[in-house]
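First up is the structure itself, then whatever we jot down about it.
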Amino acid sequence: MWTGAVCVLGGDQDVAAAAAADLSARYAESHRRYHDNAHVRAVLRDAGALAEELRLSAVERAVLAVAAGAHDVVYEARPGDDERRSACWARDWLTRAGVEEALVARAEELVLATMTHSAPPDDRTAWALLDADLAILGAGPAAYDRYRAAVREEYGSLEEPVWRAGRAAVMAGLLARDPLYGTAAGRRRWEAAAKANITRELNSLRDATAEFD
């Protein structure tokens, strides 16, 4: 999918294929528990479905696919730094493939949007990516719990109180967003379940904190 999307943007097929191989290898790194090949495939799938509903142009769909593929290509559980380095990775490979600067900048912008999960209200392509990236929040309870446990493993170096405080802050911020998802399709698919899952996790984190205090 990465190679085809880069070619739609006018990029060289051989360079795109080399980038796709590097991308796949990075998502297969042994330290990843959630942000792996399964995650990026899910984001690509859900972003594509939202793009279909939003009737994005072929070029915007290709940029979306490139950004979705690259958004976690660098992942060391260092929020902010990971996204910036992933955006740099995308810029480097797209430039080497000969994609025009405006499209390179657009893909870079979309990857960086995952740092805050915010975008202008009318940027439908950005919201397709952001909603797809957060689709796991609206999964069934069992799948959500597996996601939650996998992310905890990725942050295994953190002491439990530090993890609980940081995770609770992030999840409380997401719960406070109204709506959580920026597209109508995203809200229809995931909003209610996501709010229920986040509330359940926050209650669990607070109960654990009270138990250890």
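No experiment lies behind these values; they were computed from the predicted model shown. The first residue of the sequence shown is numbered 1, and numbering continues consecutively from there.
Here CG of N197 is found 11.0 Å from CG of L175. Values are rounded to the nearest 0.5 Å. Here CG of L129 is found 9.5 Å from CG of L134. Values are rounded to the nearest 0.5 Å. Distance check, rounded to the nearest 0.5 Å: CZ of R200 to NZ of K195 gives 16.0 Å. The CZ atom of R85 sits 13.0 Å away from atom CG of D92, with the distance rounded to the nearest 0.5 Å. In this structure, CG in L180 is found 10.0 Å from CZ in R187, a value given to the nearest 0.5 Å. The line from CZ of R124 to OG of S57 is 8.5 Å long, rounded to the nearest 0.5 Å.
Scanning all heavy atoms of the two residues, the minimum distance from E108 to A87 falls at CG-CB, 3.9 Å. Between V73 and S86, the closest heavy-atom pair is N-OG, 3.5 Å. The two residues A70 and L23 come nearest to each other via the heavy atoms N-CD1, 4.2 Å. When all heavy atoms of A68 and V43 are compared, the pair lying nearest together is CB-CG1, 4.0 Å. A pairwise comparison of heavy atoms in G186 and D131 identifies CA-OD2, 4.0 Å as the closest pair. Residues A47 and A132 share a closest heavy-atom pair of N-CB, 3.4 Å.
Residue pairs satisfying the ring pair (Phe, Tyr, Trp, His ring centres under 6.0 Å) criterion with at least one member in residues 186-205, sequence neighbours excluded, are listed as follows: Y181-W190. Legend: side-chain hydrogen bond (donor to acceptor under 3.5 Å, both in side chains) pairs involving residues 9-20, not counting sequence neighbours: none detected. Counting only residues at least two apart or on different chains, the ring pair (Phe, Tyr, Trp, His ring centres under 6.0 Å) pairs with a member in residues 59-81 are H35-Y75, H39-H71.
Taking 4.5 Å as the limit, every side-chain heavy atom of L44 sits out of range of all side-chain heavy atoms of W2. Taking 4.5 Å as the limit, every side-chain heavy atom of L94 sits out of range of all side-chain heavy atoms of L103. Considering only heavy atoms from C-beta on, R106 comes within 4.5 Å of E60 through its side chain. A 4.5 Å side-chain heavy-atom check between W89 and D22 finds at least one atom pair inside the cut-off. A heavy-atom distance below 4.5 Å is found between the side chains of H117 and D133. Here the side chains of E191 and P179 are in contact, with some heavy-atom distance below 4.5 Å. Within the 4.5 Å cutoff, no side-chain heavy atoms of T183 are placed close to those of E53. For the pair V66 and V99, the minimum side-chain heavy-atom distance is 4.5 Å or more.
No donor-acceptor pair under 3.5 Å is formed between the side chain of Y144 and the backbone N or O of A194. The backbone N or O of E154 sits nowhere less than 3.5 Å from a side-chain atom of Y34 that would complete a donor-acceptor pair. Judged purely by atom type and a 3.5 angstrom limit, T95 uses its side chain to pair as donor or acceptor with the backbone of R91. Side chain of R33 to main chain of E153: no donor-acceptor pair is present (N/O by atom type, distance under 3.5 Å, no hydrogens or angles). A donor-acceptor pair under 3.5 Å is absent between the side-chain atoms of D36 and the main chain of A28, judged by distance alone. Put simply, the side chain of S24 never gets that close to the backbone of A21: no donor and acceptor are under 3.5 Å apart.
Evaluation of the salt bridge (charged side-chain N to carboxylate O under 4.0 Å, His left out) rule for E201 yields R148, R167 as partners, not counting sequence neighbours. Scored by the salt bridge (charged side-chain N to carboxylate O under 4.0 Å, His left out) test, R152 finds E160 as partners (sequence neighbours excluded).
Annotation for E101: atom CD counts as buried by contact number, over 12 foreign heavy atoms lying within 6.0 Å. Other residues, nucleotides and ligands place more than 12 heavy atoms under 6.0 Å from the CE atom of M171.
Hydrophobic clustering (side-chain heavy atoms under 4.5 Å, transitive across Ile, Leu, Val, Met, Phe, Trp, Tyr) groups L202 together with Y147. Grouping the Ile, Leu, Val, Met, Phe, Trp and Tyr side chains by contacts below 4.5 angstrom, directly or via other members, places V170 apart from M115. Linking ILVMFWY residues whenever their side-chain heavy atoms come closer than 4.5 Å, directly or via other members, places V104 and V59 in the same cluster. By the rule that hydrophobic residues join a cluster once side-chain heavy atoms approach within less than 4.5 Å of another member, I136 and V40 end up as members of separate clusters.
The other residues sharing a hydrophobic cluster with W127 are L130, where clustering joins ILVMFWY side chains under 4.5 Å apart.
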> Under the side-chain contact (heavy atoms from CB on, under 4.5 Å) criterion, do L110 and T125 qualify, and how do the steps go?
Replying inline: CA-CA 8 Å; L110 293 176; T125 305; 3.9 Å; yes
>> Between V74 and E83, is the side-chain contact (heavy atoms from CB on, under 4.5 Å) condition met? List the steps.
In response: CA-CA 7 Å; V74 176; E83 290 87 351; over 6 Å; no
>> side-chain contact (heavy atoms from CB on, under 4.5 Å) for W93 and V6? Distances and angles first, verdict last.
In response: CA-CA 10 Å; W93 277 107; V6 174; over 6 Å; no
